[in-house]
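Reckoned from all heavy atoms, side chains included, excluding hydrogens, waters and symmetry mates. Counting starts at 1 for both ligands and their atoms, following the listed order.
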Amino acid sequence: MRLIPALILGVPLLAQLAAPVQDRADRFLKVVNAGYQSLYYVASEAQWAAATDVKPAHDAAAEWAGKAAAAFNGNPALITEARELLGHRRELKELTVRQLERVLLNAAEGPMTHPRLVADRIAAETAQNSTLNSFVWKLEGQPLSANQIDELLARSTSLPERLKVWEASKENGPALKAGLLKLRDLRNGCANALGYPDYFALQVAKYGLSTDEMMAYNRKFRAELMPLYLQLHTWVKYEMAKKYAQPVPKAIPAHWINNRWSQNWTGFVKAVDFDPYFKGWQPERIVKTAEAFYTGLGFEPLPASFWTKSDLYPVKAGDPRKKNSHASCWHLDLDTDIRSLMSVEANAQWFETTHHELGHGYYFMCYTNATVPPLLRDGANPSFHEGMGELIALATRQIPYLKSVGVLPADYRVNDMDVLLNDALEVAIPFMFWACGTMPEWEAEFYGKNMPADQMNARWWQQVRDLQGVEPPSPRGEQYCDAATKTHINDNPAYYYSYGWATVFKFQVHDHIARKILHQDPRATNYAGNKQVGAFLKQLMAKGATEDWRKVLKEATGEDLSTRAMMDYFKPLMAWLEKQNKGRQIGWN
Ligand code: X8Z
Ligand code: ZN
């Protein structure tokens, strides 16, 4: 028998046979992955400090660290080499091609072919975050936190009071408008430098889609769900008109809905309002309960540093520190330093949000493995990342589960239709018209069609009215900038459709788990503690972004992305609503 000399020398055979261009790409990506990961950590640490303790010194550090990261990720030498190598894509492994494509997507966030533009963008992003995170809302002269706004809107039954709170919640818009306009040009400029028509198109490219393709998906989802949305919209407006002794409106006044943007319609089904059951809970118990759901499925506990380094609870009364009020989860070093920024209080909304954030944390943990290079430590697409925690949050809404962890008493009873109606309103149908409607339609126009500065609010409310069937309590002129009151418009731009897609995804994966793994009805299933479900989710997440999302979804569920599962889930509700709404005026036009 003849020995292969290369093996004797300890050099892997495959490497010996590989085309030289693959060698060149491997060497290049080794350096890029290392630089990317270390600078990501530097920038994330600085941004974490700036988001959890807003002060000029932290803003300055975040700006500098952002520039350091861009100096590497957007370096012209990296761009040239990645492009040249991609010119040989047929000779390269798929994993290599995906990394090279990611190098270019990252470079487009700060292309150092245009250093002035990048410096201006980073400075403007930092300033906008600082304004966003340090803004203090006021009600009758008194400061009001985001949690307090949400609490008042959830509880107040007085329309004049609701109106005041709703109007107060829009106060940060004008403070953010100029910065947003400036950022539009700078973000578009960066995207243009790498050949993308605008910043929206650059973000959508992370799905391997064009803007038109993305918007076509969104419109299709909305068209499919529209009959159910019309029924829900009608049911809610008649209920609320009765409650507030008002004439039945065509579109629903925004301050009748608990959510500041009418994105989720909570609190309309009183039998399924779980807030009272969280009375007496410490916020810590919510986070621990959420972690226990994941460990019950067979996931590892969160790293010890999660508990020491995260910022999980509201700033204590009297403490002057200002921090970002919107929940997030961070993978600071693309390794084990995972932290969450929240302001958890004991209520149903934070119970849900905490499961969502830990979903990100567990996704980070799963794809942090030797087969996933740092450049691809990300979701199969952004909506998979959002969808994982959403899926778990959906699972933890199940009544048997809530009883098992002591949220609901053992003798709690509710009828199935109330639960289904509440699920539709709170976590599914109206949300789709916001997340795949108002938000992306407005942003696609803002970035892609150069929306005039003096029509930003008019266009916003036109979309809200046309797509969501909601209207402002009184006309909102251009002195306001109501779009900018939504966090993501400022600090996570051209991304929000990812949450809509996550909603589609969560019902598909939930349906698969219930029917194919557990052989249960998706509307009455409990997968707490099920290791088979955990293993299924783990292998899906462990791939990170190493494979095309369409393939990952098809392999996992046997389906392409579709509202089929969501529509199936709510099928019994449609007939019930049609009966309730008989003889009523449907729609808002
Ligand atoms: O922004 C979030 C998460 C952070 S990734 C809390 N969500 C969207 C929102 O609050 O508008 C979760 C679902 C929708
Ligand atoms: Zn999220």
Which atoms of ligand 1 are found less than 4.0 Å from any heavy atom of [X]?
X: Glu386; answer: 5 (S)
X: His360; answer: 5 (S)
X: Gln263; answer: 9 (C), 10 (O), 11 (O)
X: Ala327; answer: 4 (C), 6 (C)

Minimum-distance protein heavy atom relative to atom 2 (C) of ligand 1
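So the nearest neighbour among protein heavy atoms is His326 NE2, 3.4 Å.
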
Looking only at protein heavy atoms, which one is nearest to atom 3 (C) of ligand 1, and how far off is it?
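Result for atom 3 (C) of ligand 1: Glu357 OE2, 3.4 Å.
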
Does any N/O atom on His356 come nearer than 3.5 Å to any N/O atom on ligand 1?
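Between His356 and ligand 1 (N or O atoms, distance only) the closest approach is not under 3.5 Å.
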
Would His488 count as a polar contact of ligand 1, with the cut-off being nitrogen or oxygen pairs under 3.5 Å?
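Yes, at least one N or O pair falls under 3.5 Å.
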
Any N, O or S atom of His385 closer than 2.8 Å to the Zn ion (ligand 2):
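No N, O or S atom of His385 is closer than 2.8 Å to the Zn ion (ligand 2), so no.
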
Can you tell me if an N/O/S atom from Glu386 lies under 2.8 Å from the Zn ion (ligand 2)?
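Short answer: yes, at least one N, O or S atom is under the cut-off.
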
Among Trp261, Tyr496, Tyr499, whose heavy atom sits nearest atom 11 (O) of ligand 1?
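The nearest heavy atom belongs to Tyr496.
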
NZ/NE/NH1/NH2 to OD/OE distance under 4.0 Å, Glu441 and Arg222:
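So Glu441 pairs with Arg222 through a salt bridge.
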
So, Asp560 and Arg550, do they make that salt bridge, N to O below 4.0 Å?
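A salt bridge is absent here (no side-chain N lies under 4.0 Å from a carboxylate O).
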
Using the benzene-type ring in the case of Trp, are the ring centres of Tyr207 and Tyr497 under 6.0 Å apart?
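Ring centres of Tyr497 and Tyr207 closer than 6.0 Å.
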
Centroid separation Trp501 to Phe505 less than 6.0 Å
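No - the distance between ring centres of Trp501 and Phe505 does not fall below the 6.0 Å cut-off.
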
Between Trp281 and Phe278, what is the ring plane arrangement, given parallel below 30°, perpendicular above 60°, and tilted in between?
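Rings of Trp281 and Phe278: perpendicular, over 60°.
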
Side chains of Asp482 and Asn457: is there a donor and an acceptor less than 3.5 Å apart?
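Asn457 and Asp482 do have a side-chain donor-acceptor pair below 3.5 Å.
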
Any donor-acceptor pair under 3.5 Å linking the side-chain atoms of Glu213 with those of Tyr217?
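Short answer, no.
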
His356: its N/O/S atom lying closest to the Zn ion (ligand 2) (atom name):
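Looking only at N, O and S atoms of His356, the one nearest the Zn ion (ligand 2) is named NE2.
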
Are any of the side-chain heavy atoms of Met388 and His360 separated by less than 4.5 Å?
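Side chain of Met388 against side chain of His360, heavy atoms only: no contact under 4.5 Å found.
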
